[in-house]
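As structure tokens, the structure follows; a few thoughts come after it.
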2 protein chains.
Amino acid sequence: MQIKSTSGHDVNLNVIPLNITSLKAACSQCNLRELCLPFGLTEKEIARLDRMVASRRRLKRGQHLYRAGDPFEAIYAIKTGFFKTDVLLEDGRDQVTGFQMAGEILGMDGISAEAHTCNAVALEDSEVCVIPFLQLEGLSREIEALQHHFHKVMSREIVRDHGVMMLLGTMRAEERLAAFLLNLSQRFTTRGYSPQEFHLRMTREEIGSYLGLKLETVSRAFSRFQEEGFISVQQKHIRILDIAPLKQLLAHSSA
Amino acid sequence: MQIKSTSGHDVNLNVIPLNITSLKAACSQCNLRELCLPFGLTEKEIARLDRMVASRRRLKRGQHLYRAGDPFEAIYAIKTGFFKTDVLLEDGRDQVTGFQMAGEILGMDGISAEAHTCNAVALEDSEVCVIPFLQLEGLSREIEALQHHFHKVMSREIVRDHGVMMLLGTMRAEERLAAFLLNLSQRFTTRGYSPQEFHLRMTREEIGSYLGLKLETVSRAFSRFQEEGFISVQQKHIRILDIAPLKQLLAHSSA
DNA sequence: AGGTGCTTTTGATCTGCATCAAAACCTCGC
DNA sequence: GCGAGGTTTTGATGCAGATCAAAAGCACCT
């Protein structure tokens, strides 16, 4: 079984290629354009999007992109980095509602009330493209493909949330963690990274909060998966050794 | 303790006033237009919406409005009645993802994949307005207020889902039920019905599925609330006697 | 290099909800 | 009015995951 050292492969795990420094946003140059808002647009249309997405914003690890209550003005496309979103109850309890990576859109929760309803925090040094929302609406009244794709992005968020509700409502601890790992693996694959091997940007506590579990339970589930030989865990470094039993865990509850 | 019969008040609980029979949709005539898609539009703009929302559909209790996998063509505005949406896992487990009432929009989950991802079932005889989606996109490219309001409606769905995730991830059984009852009460109020007294359209099992609990736990929580004098329960008829302790249940976890 | 604080792991025990079971109740068709 | 099927309530017991506790590992600072 392939537990050999990962020496040569780490390179594409932490570093997202092509980290352009210039703050002139340029969807047309961006390697994420097939994942992100420009998807399906013609070159000409992307050029118009370029002009609108005027600025970028860099965030250090731990910095907030926005906080619950902040006035809503823009949505954000993640260019590089990794984020979490969380909501807070008055009594201090909080819940991580999602983890977002390159090419994904943040901030759509703010449209309804013209203020953000959750916090978005960078889990590593990150860079986002700022998309002023009124301008996006303006442009999507002119570019049908942009309008349609934006609707799909919002709808995808709703579908994703339903998946999390399913997870929180019906799954047991190990099923939740399996679903979480498979989901990450899937998303890394889409971005051209290894599906088997990746680095978790979040703590066990944050994973637990997202999955509706305590951090100790998350840790135990990781240990269990490792004992069973499904994965290898070294702190935040995860390697999926055998994906089948993880998938099977989701396929039938009674196991 | 006032558990006396509610004889004189039932009238506005089950029957939604103004049940027009003609199948010519007419947002301009609809008493829900301040809640539903036409919100914020001028009379002229509503008239254009009227022309687009060509048809209505009636459903008997138990009938599906759409099923997971059905091709996506339209979204639906609930004119009268009550729905649930649920998702199914291959192994048979399912999760109710929401309950929808008059003025709310169903079907936005289908936009992303051009197919519905959940089932929508009428919990009582209902009527919906069919809004062909491509036409809606077309019209909202022309009517800025319609576009913006539709985005708000989608965003509201995302925010609602985050609330449910919070509930499922961090709350205990009685807190979940309290949140559920307060949410229903709030929505009935918005629609001009009594906030204190209403009729549940769903079974204990459906409530349980939505709240991530078993039906027995839901039943026990109802009984507990009744013992404490917060509410009176007679089957599906609920009367909120003292709203404060329900709210308090949500305010601080340690109780 | 050593120290401080954070994160993770692991163990022991506790508990809220699930599960199993049965009775009561409500609805509807005949 | 009676019987069948579905829904709800209530009780007894079991268990998954929470909680409490402590040690080990790791990262970052001086």
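Proteins get letters first, then strands, A, B, ... in listed order; numbering begins at 1 in each.
- Here C/dC6 presents its P atom at 14 Å from CD of A/Glu206, a figure rounded to the nearest Å.
- With rounding to whole Å, A/Arg220 atom CZ is found 13 Å from C/dT13 atom P.
- Summarising the geometry, the separation between CD on A/Glu205 and C1' on C/dG5 is reported as 15 Å, rounded to the nearest angstrom.
- For B/Glu174 and C/dT15, the CD to P distance is 16 Å, given to the nearest whole Å.
- The span of DNA chain D lying next to chain B, judged by atoms under 4.0 Å from heavy atoms, is bounded 5' to 3' by D/dT8 to D/dA12.
- Counting to the nearest Å, the P atom of C/dT8 and the CG atom of A/Leu177 are 13 Å from each other.
- Here the side chain of A/Arg67 pairs no donor or acceptor atom with the backbone of A/Asn119 at under 3.5 angstrom.
- Between the P atom of C/dT7 and the CG atom of A/Leu123 lies a distance of 12 Å, rounded to the nearest Å.
- A/Arg172 places its CZ atom 11 Å from the C1' atom of C/dA18, with the value rounded to the nearest Å.
- Both B/Glu216 and B/Arg176 sit near DNA chain C, but only B/Arg176 has its closest nucleotide nearer the 5' end.
- At a threshold of 4.0 angstrom between heavy atoms, the contacts of A/Ser219 include nucleobase atoms, whether or not backbone atoms are also involved.
- For the OP1/OP2 pair of C/dT9 and a distance below 4.0 Å, the side-chain nitrogens and oxygens of A/Ser223 include no atom meeting the criterion.
- At least one donor-acceptor pair under 3.5 Å links the side chain of A/Arg191 to the backbone N or O of A/Ala102.
- Judged by distance alone, with hydrogens and angles left aside, B/Arg61 brings no side-chain donor or acceptor close enough to the base of C/dT27 to form a pair under 3.5 Å.
- Between A/Arg56 and A/Glu127, at least one side-chain N (NZ, or NE/NH1/NH2) sits under 4.0 Å from a carboxylate O, which counts as a salt bridge.
- A salt bridge links A/Glu104 to A/Arg187: one of the charged nitrogens lies within less than 4.0 Å of a carboxylate oxygen.
- Residues A/Pro245 and A/Glu228 form no side-chain contact, since every pair of their non-hydrogen atoms from C-beta on lies 4.5 Å or further apart.
- Contacts of A/Leu215 with the nucleic acid, taken as non-hydrogen atoms under 4.0 Å apart, include base atoms.
- The pair B/Lys60-B/Asp125 meets the salt-bridge criterion, since a charged nitrogen lies less than 4.0 angstrom from a carboxylate oxygen.
- Nucleic acid contact for A/Gly212: sugar-phosphate only, since backbone atoms but no base atoms lie under 4.0 Å from a heavy atom of the residue.
- Between the C1' atom of C/dA24 and the CD atom of B/Gln235 lies a distance of 10 Å, rounded to the nearest Å.
- Between A/Arg224 and A/Glu174 there is a salt bridge, since at least one side-chain N of the basic residue sits less than 4.0 Å from a carboxylate O of the acidic one.
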